Amino acid sequence: VSLSIVLWLPFAAGLVGLLLPGALSRLVAIAGTGATLVLAVIVLVKFKASTGGLQFVTDETWIKELGIHYKLGIDGLNLFLIVLATVLFLASAIWASFTEWERPGLFFFWFGLAESGVLGALMAQDLALFVIFFDLMLVPFLFLTGSWGGEGRVPAIIKLFIYTLVGSLLMLAGAIATGVLAPGDNVTFVLSDLAQRRLSTGQQEWVFLFFAAAFLVKMPAFPLHGWMPDGYRAMPLPVLAVFSGILSKVAAYGFLRIVLPLYPDATVHFQELMLLISLASILYGSAMAFTTTNTRLILGYSSVAQLGFIVLGIFALRPEGAQGAVLQAVNHGLVVAPAFFIVWLLAARAGSEDLRDMGGIAFRAPVLAAMFLIVTFALLAMPGSSNFVGEFLILLGVFRAKIVFAFIAFAGVVMASYYALRMFIGAMHNRTGRTVTSREMSVRDGIVLVPLVVLIIGFALYPQIALFKGERAVRQTIAPAQQAAAASERAQVTP
Amino acid sequence: MSALLLPIAQAKVSGPHIDWAGLSPLLALFGGATIVLLLGLFRARPVREVVVPFLAFASFGTAIGLGIWQLGRRVDLISGAMRSDELTIVLMFIFCAAGMAAVLLSWRGVAVREASHGEFYALMLTSAAGMYVLVAAQNLVALFLGLELLSIPLYVLCATEMRRETSLESGLKYLVIGSVGSATLLYGLAFIYGATGSTDYAGIAQKVGSVSNDTLLLTGIALTLAGMAFKASVAPFHQWTPDVYEGAPTSITAFMAVATKTAALGVMLRFFNVALLDVQGDWGPAIAALAAITIVVGNVGALGQSSLKRLMAWSSVAQAGYLLAGVVVATRLGVQATVFYLATYLFMNMAAFGVIVARERSTPFGDDIRSVAGLGAQQPLLAAALTLAMLGLAGIPATAGFIGKFYLIDAAISGDYTWLGVMIVIGSMVSLAYYLRVIAAVWMQSPEPADAVPVTTTGRPALAGGDEVADAPRAQPEVWVVALVFGAATLFFGIIPSPLFDLAVRAGSALGNLF
């Protein structure tokens with residue numbers, strides 16, 4: 001399977017859909033995302049866990065004069081995120097086809113471009129190419145939200161776009177500096193080459209901060225999340241599901257793929273700062289999630305907290321922590337997308353997305369309630385769920401690296417169970433809301449929701465699959481930072 | 001008879017050697033100007049309204065064709081006053097392409113009718129000839145000659161919609177401020193001559209190293225820089241830009257925005273990176289500071305604008321700041337990046353101005369941002385062109401503007417001006433706020449009701465140059481062509497930039513003294 005086909009298929013489907021009348025463009029979009037998922041699964045099956053390094057590599061010179069390569073590849077770091085992206089985009093495409101959009105051809109064109117952008121960012125093995133896709137994947141969301149979003153969409157999306165591009169543009173400067181200032185004769189942006197020719201420590205530090213800004217805004221992490229509430233409120237729900245489910249993970253992935261191997265000295269230097277930011281995200285996100293009543297924002301703030309966990313695991317700079325982070329990235333994507341779908345179903349029954357208007361929805365909807373309960377348990381990382389494994393590994397890693405941070409982070413686990421259960425009980429049980437009409441979900445809704453829930457259960461039973469296929473790559477990617485950490489410890493011991 | 005006499009005369013008088021082939025692009029522009037001017041005197045409407053613009057278009061095309069033929073030759077023209085090399089020719093491609101687009105945009109507009117067709121196009125061609133002289137100049141006299149030849153026709157062109165007050169204001173303002181700029185430049189050139197005792201670049205370059213701390217030289221450089229900054233609308237010498245851009249006929253605004261900037265940056269590349277290369281330590285930090293100020297002033301100035309032309313004016317100030325980064329570093333990479341960005345700048349601006357002209361003629365809102373509201377639902381193709389232009393100017397990937405900015409930042413960082421590269425990035429962030437406003441208007445707002453404002457551009461009495469048929473709001477295919485072709489180019493060269501890189505690299509190779 002050529003990765004280029006996987007990458008561009010959704011976009012091609014979107015282009016075709018643009019030229020077809022409305023009803024057909026949906027079918028084309030679903031077919032395109034479906035075919036992409038099939039290809040991604042073929043890649044997953046063919047992927048050999050035993051051989052290290054990149055597989056399915058495509059490497060062409062794209063812009064000779066700037067040293068930019070079109071290099072794609074898959075290893076244990078991005079394998080499951082790619083599959084996750086294709087799963088979520090397919091589910092979201094089916095879901096989006098339930099709604100009558102104005103100008104559907106254009107909607108699904110942007111939707112296809114979004115998927116290609118995300119897949120490109122995940123597959124890219126060239127720093128410049130990564131930056132290009134990282135910026136490009138945001139553009140469709142500008143249009144998807146601005147044209148089809150809810151109230152206050154235009155200011156919200158402009159805020160979101162500027163916020164995230166501020167980070168991305170700084171990252172652009174950092175990326176160019178990485179290529180240009182790297183020792184060696186010719187300029188290159190290929191990641192594997194750059195890992196061999198590192199910047200000096202001083203250069204690494206400012207470049208690190210630029211990259212961290214880009215990734216932390218995109219996640220979002222605590223002090224940089226200002227765009228999130230407005231953006232989440234305005235975005236159409238099917239779009240929000242993929243946005244929250246996968247775009248934030250690309251940022252976390254960026255830390256593992258680029259920052260740790262390329263700037264190990266700076267990583268060690270800023271380790272505690274990053275751990276502090278992630279702790280703040282966990283505490284702030286959790287606290288906000290159990291005070292807000294807008295169901296979208298409960299999920300939004302819970303994402304802030306969850307991504308805090310992921311960053312915590314990455315910057316533990318231990319194999320367990322990083323593995324837990326990769327696993328948790330997949331888990332969270334698998335949980336948050338069905339959760340947004342459930343929000344959509346709840347809003348259809350309660351007439352509002354506010355938790356105060358809900359209640360008693362489980363009354364005549366046992367299947368929906370069961371689905372919601374499974375998703376809730378996964379969200380709060382109930383023992384037995386894959387999220388539990390992920391959080392456990394993350395905390396284990398942090399415990400071994402920086403014990404103090406682990407103690408505080410445990411509080412986040414407790415708070416997660418509070419906000420997740422509060423949302424479930426508030427919506428499904430309690431006194432029936434005034435405008436609520438409880439009814440079961442339809443078969444059509446089941447097409448989207450049931451497979452995702454089945455995946456959650458499957459992953460809970462067998463999380464090793466992601467751990468096993470990813471282990472080698474994770475060890476490799478954090479090795480430079482571990483060496484740098486060991487070196488700096490030695491330097492402290494013998495001054 | 002005269003045909004017979006000519007060879008005889010040539011046999012008797014041996015004049016200086018003239019490289020006609022090298023001069024041919026310039027001759028095409030001058031020749032075109034003469035022919036167009038004379039044909040414009042005909043009474044027949046088809047001649048004035050069809051043949052004349054066609055010939056103007058063809059003259060620009062011929063100049064480009066001759067340039068392609070001459071690409072690769074490096075020859076001194078007119079006993080070393082000018083030099084035709086890759087840099088000259090590639091820059092000429094850019095401003096002649098801008099000229100072709102401007103001819104199409106002017107063709108059926110108000111300005112050409114009021115200024116009489118022949119004169120309008122002749123002035124445009126003469127101005128382009130001035131640009132050629134300017135970027136090809138090899139000594140201070142040719143430099144000044146080129147600058148004036150470029151500017152004076154533009155002063156007139158700005159005022160060609162002579163029954164509109166703002167157009168006259170634009171012309172007058174440009175004349176006054178442009179003259180101050182020219183005078184400053186001339187004064188500076190005199191100082192430089194005084195310090196180095198030479199008027200040609202090669203002579204200056206030889207001497208300049210030995211007089212590097214001379215007050216005379218430093219004053220000269222400062223004054224010259226200020227004069228050039230006026231033309232390139234570099235802050236703090238940019239104040240004329242918004243008013244002039246807003247008042248001038250839109251096609252002329254487009255021509256000025258692209259072509260004048262290309263010529264001004266071209267002459268800076270040659271003057272600073274060839275003649276004054278040895279004293280880069282003197283002017284490098286100064287230009288870098290100007291570039292940083294320009295980026296901030298331009299982007300902040302654009303934020304509150306509701307007139308699209310004023311917005312483009314401020315944006316062009318900001319873009320001038322980005323472009324200066326390529327001049328500052330004085331490396332071959334810098335020259336290449338500047339030339340590359342100028343080419344992408346041509347695409348993005350012409351696409352945007354094409355859409356502005358199209359909307360100006362079919363809505364009553366003129367160039368107000370309301371004229372493009374809801375365009376995405378009404379005319380998706382035009383909307384796509386404008387969107388690509390705005391995304392490109394903001395530097396979003398998959399547009400030529402992104403690659404251009406990448407190249408400039410690359411050049412800045414490898415020339416030890418990392419902070420300037422970061423400034424470019426910060427400027428782009430601010431610029432998103434106003435470029436996105438346009439995109440939001442295009443795709444995310446519903447069209448303004450057309451009776452919201454009194455009609456301004458149409459329905460003027462015949463005495464005031466009104467023409468019921470010509471002023472009727474309608475779609476004009478040539479304007480669409482400009483918008484769509486340049487919009488498509490913005491996208492195409494964002495994905496396959498190699499052809500542009502080839503040209504930029506050849507242009508950079510012309511300045512052999514850089515490394």
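These numbers come from a predicted model, not from an experiment.
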Check: Considering all heavy atoms of both residues, which atom of A:Ala173 and which atom of B:Val425 are nearest to each other, and what is their separation?
Finding: CB-CG2, 3.7 Å
Checklist line | Engaged part of B:Phe406 at the chain A interface, taking heavy atoms whose separation is under 4.5 Å | finding: both
Note to self: As a quick check of understanding, evaluate side chain to side chain contact (heavy atoms under 4.5 Å, CB included) for A:Ile162 and B:Val430, giving each step before the final call.
What the structure shows: CA-CA 8 Å; A:Ile162 292 178; B:Val430 180; over 6 Å; no
Notebook entry, point to check: Which distance, rounded to the nearest 0.5 Å, do you find between the CD1 of B:Ile403 and the CD1 of A:Ile132?
Noted result: 5.5 Å
Next item on the list: For B:Met444 and A:Arg153, work out which heavy atoms get closest and say how close.
Entry: O-NH2, 3.5 Å
Next item on the list: In sequence, state the C-alpha distance, the side-chain angles, and the governing distance for B:Val505 and A:Glu65, and then conclude on side chain to side chain contact (heavy atoms under 4.5 Å, CB included).
Entry: CA-CA 9 Å; B:Val505 168; A:Glu65 292 79 359; 4.1 Å; yes
Check: chain A heavy atoms under 4.5 Å from B:Ile439: which part of the residue, side chain, backbone, both or neither?
Finding: side chain
Item checked: Interface residues of residues 206-214 of chain A facing chain B - non-hydrogen atoms under 4.5 Å apart -> A:Trp206, A:Phe210
Check: How about B:Asp502: does its CG atom have over 12 heavy atoms from other parts shown lying under 6.0 Å from it?
Finding: yes
Notebook entry, point to check: Of all the residues in residues 325-339 of chain B, which have a heavy atom that comes within less than 4.5 Å of a heavy atom in chain A?
Noted result: none
Check: Tell me, side chain or backbone of B:Ser414 under 4.5 Å from chain A's heavy atoms, or both, or neither?
Finding: both
Check: Using a cut-off of under 4.5 Å for heavy-atom pairs, which of A:Ile68, A:Leu165, A:Leu66 has the most such pairs with chain B?
Finding: A:Leu66
Check: Atom CG of A:Leu142 and atom CG of B:Leu436: how far apart are they, to the nearest 0.5 Å?
Finding: 6.0 Å
Check: Does the ring centre of A:Phe161 sit less than 6.0 Å away from the ring centre of B:Tyr435?
Finding: no
Checklist line | Spacing of CD1 belonging to B:Ile409 relative to CG belonging to A:Leu172, to within rounding of 0.5 Å | finding: 4.5 Å
Notebook entry, point to check: Given the rule in the side chain to side chain contact (heavy atoms under 4.5 Å, CB included) test, do B:Met429 and A:Leu170 qualify, once you have shown the distances and angles that lead to the verdict?
Noted result: CA-CA 9 Å; B:Met429 290 171 197; A:Leu170 285 176; 3.4 Å; yes
Item checked: Value rounded to 0.5 Å, distance of OH in B:Tyr407 from CD1 in A:Ile63 -> 10.0 Å
Notebook entry, point to check: Where do A:Lys64 and B:Phe501 land on the side chain to side chain contact (heavy atoms under 4.5 Å, CB included) test, with the steps shown first?
Noted result: CA-CA 9 Å; A:Lys64 184 169 62 36; B:Phe501 271 111; over 6 Å; no
Check: Taking A:Val166, A:Val187, A:Leu136, A:Asp135 one by one, which has the highest count of heavy-atom pairs under 4.5 Å against chain B?
Finding: A:Val166
Item checked: Side chain / backbone / both / neither for B:Ile396 at chain A, heavy atoms under 4.5 Å -> side chain
Note to self: Using a 3.5 Å distance criterion without hydrogens, assess whether the side chain of A:Trp62 forms a donor-acceptor pair with backbone atoms of B:Ile496.
What the structure shows: no
Notebook entry, point to check: In Å and rounded to the nearest 0.5 Å, what is the CH2 to CZ distance from B:Trp443 to A:Arg103?
Noted result: 6.5 Å
